[in-house]
Amino acid sequence: MAKPLINVPAKAKRGEVIEIKTLISHVMETGFRHSNIGEFLPRDIITQLVCHYNGEEIFRADLFPAIAANPFITFHTVATESGMLTFEWTGDNGFSATGQANIAVVD
Amino acid sequence: MLNPTCSVTLVADGDTYTAFPLSNAVLAGLRPLTAQQFGYDKIAGSGVEIAAGRVTGIDPQARTARLGDGRSIPYDRLVIAPGIDVKFDAIKGYGEAAAEVMPHAWTNGAQVALLAKQLEAMPEDGVVVISAPVAPLRCPLGPYERASMMALFLKARKPKAKLIVLDSKDSFILQKQFEAAWAELYPGLIEWIGLSQGGNLTEVDVANKTLITDFESYKADVANVIPPQRAAEITSTAGVADRTGWCPVDPITFESQLVPNIHVIGDAAIAGAMPKAASAASAEGKICAAAIAELLQGKTPQPRELGSSCYSLIAPDFALAIGDKYRPTDGQFMEVEGNATSTPADATAAQHAQEAKSADAWFAATTRETFG
Ligand SMILES: Cc1cc2nc3c(=O)[nH]c(=O)nc-3n(C[C@H](O)[C@H](O)[C@H](O)COP(=O)(O)OP(=O)(O)OC[C@H]3O[C@@H](n4cnc5c(N)ncnc54)[C@H](O)[C@@H]3O)c2cc1C
C-alpha cells in the first residue's frame, strides 16, 4: 500500500481557517460482486478516517462502498496552536494506516 | 462531388493548417514543424470557395455566418469543426500569458515551436514536467506519446534530465504498453504520478516555474501544462455546446441536437465512444458531407459505420496503435463489437516497427486526401 498523502499548511495565523487534504490508495472490493466462478467477494473498504489535533479529535468520517476506492477527503479546521495533526484510517480486514503533519501557528 | 449543384464555402482561419498527429515527433527533432503544415490551395482548386477569416457570429434564424471583417455568408447547412479550446481557468495561475512560459502545445503550431525551443535550451540535468488532464481530451494517447518523444530527445541530448508526468487520471489508455516500452527504451527516465498518488495539477506558479498538485510542488525547467478542454469558443456563440462544454449531435447526420441546420464534427462533437482523434474527425467529415448531400436532395440519410485508428510514436521505429469501429446505436456512436484492435503488450520489435510505418502511411494518406 502506498503511503497516505497529507497536506496541512506548514504555517498559519492563530484563528485562521486552514484546509486539510488527505488521499489514501486502497484496492477496493465493494462487497456487491461475485468472482468469475460465482463466489461472493467479501467487502474490503476503508471505513473510517479520524483526525486529532494535539490529541483532540477534530474530524471523523465514516466511509461506505459508494465512496471512491482511493478516498480523497478535504476538510477545514481552525489553527489554534502549534503542534501535530495525526490521521488514522481504518477498514475491513483489520486495515489500518496512519500519518501525521506538523503545523506552526503564529500570532 | 457528392452533389454538384451545391456550392461549398470553407472559412479558414489563416493560410495554413497545423496538423497535430505526429507533431510530438517535432519535439524529438524527428520532423520539422513545416511537415505538419498545409495550405488550402488545392482545396480552392477543387471548386470550394475559400473565405479567409474567423467566424465571429452565427445567426441560426437568418442562417448566416458572420466573419470578423463583417462579411456575412448565408447557408442552408453550416458545418463547424472548430476543434477545442484549452480551459485556461481550470488551473489556478494558468492563462494565455502563462502559456507563453508553460506551453500547452495542444492547439497551435506556435505553441509546439515554443515547447521545442524550451527543450533545446534546458540544462543537461533539468526537469521536464508534463501535466495530463481529465477526460475527455483531444487525443487520449497524446500526453503519453509526448512523454515518449521528449524522453527520446532527453536521452540523446540531456542525458541527466528527468521527466515527470503528473496525471489527473488514475489510468490511461494502453498504459501497460506504454510502461513496458518506457522500461525498455527509457529506463528510469519517466516518472508517472497518477491521481491517487497525488498527480492532479491544481495550480501553477509561473514566476517560479512550479506546478502545484493537491499534495506536492514540482519545480520544472520545462513545464508542459495540458489543461482540461472543451469545444472551441464558436460553439458557445452558436449555441451548439451544452453544459458539458461539448456539442451533442445526431450520429447519422452530425446535425446539432440543439440548433437545426448546424452540424458539428471533429473534437467539438460528442461522438459517443469515438475518441477525439483526427482519424475520427476525418471519417465524420465524410459521413456528414454524404448526409448533407442527401438532406439537400430530400432523402433520409441512413446510419453509417465509421472507423478510427490512432498511433503513438515511442521511438523512430517503435509505435503503438489502437483502432475500432463505431455505429450509431440508440442515438450514440457505440463500438461495433469485435473490432477493437491494439498493439499487444508483448508485441515484437517487428510489430512495433510496422506500427510506426503505418502511422506515417496513415498521416500521408489522410493529409493528401484532405489538402491534396
Ligand atoms: C499532440 C497531439 C497528437 C495527436 N496525435 C494524433 C494522432 O496520432 N492521430 C489522430 O488521429 N489524432 C491525433 N491528434 C488529435 C487531432 O489533432 C484532433 O483530433 C483533430 O485535429 C481534430 O480535428 P478538428 O477538425 O476537430 O479540429 P482542429 O484540427 O483543431 O481544426 C479546427 C480548425 O478550426 C479553426 N477554427 C476554430 N474556430 C474558428 C472560427 N471561429 N472561425 C474559423 N476557424 C476556426 C482552427 O483554427 C483550426 O484550424 C493529436 C492531437 C494532439 C494535440
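A note on names: the letters A, B, ... follow the listed sequences, proteins ahead of strands, and every chain is numbered from 1. Being a predicted model, the structure only gives us computed values, none of them experimental.
Using a 4.5 Å cut-off on side-chain heavy atoms (C-beta onward), B:Phe153 and B:Leu163 make no contact. Within the 4.5 Å cutoff, no side-chain heavy atoms of B:Phe172 are placed close to those of B:Leu141.
Taking 4.5 Å as the heavy-atom cut-off, none of the residues of residues 30-58 of chain A approach chain B.
Going from atom CD1 of A:Ile67 over to atom CD1 of A:Ile73 covers 6.5 Å, rounded to the nearest 0.5 Å. Here A:Phe59 contributes atom CZ and A:Thr77 contributes atom OG1; the two are 10.5 Å apart, rounded to the nearest 0.5 Å. If you take CD1 on B:Ile130 and CG on B:Leu166, they are separated by 9.5 Å, rounding to the nearest 0.5 Å. The CD1 atom of A:Ile20 sits 9.5 Å away from the CD1 atom of A:Ile6 when rounded to the nearest 0.5 Å. Between the CG atom of A:Asp92 and the CE atom of A:Met28 there is a distance of 9.5 Å, given to the nearest 0.5 Å.
A donor-acceptor pair is defined here as one N or O able to donate and one able to accept, closer than 3.5 Å; such a pair exists between the side chain of A:Arg14 and the backbone of A:Thr80.
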If you check both backbone and side chains, which donor-acceptor pairs between chain A and chain B fall under 3.5 Å?
unit_1	atom_1	unit_2	atom_2	d
A:Asn7	ND2	B:Asp214	O	2.5
A:Lys21	NZ	B:Asp214	OD1	2.7
A:Ser25	OG	B:Ser196	O	3.2
A:Asn70	ND2	B:Ser196	OG	3.3

Test B:Val129 against B:Val222 for side-chain contact (heavy atoms from CB on, under 4.5 Å), laying out the working first.
CA-CA 6 Å; B:Val129 184; B:Val222 174; over 6 Å; no
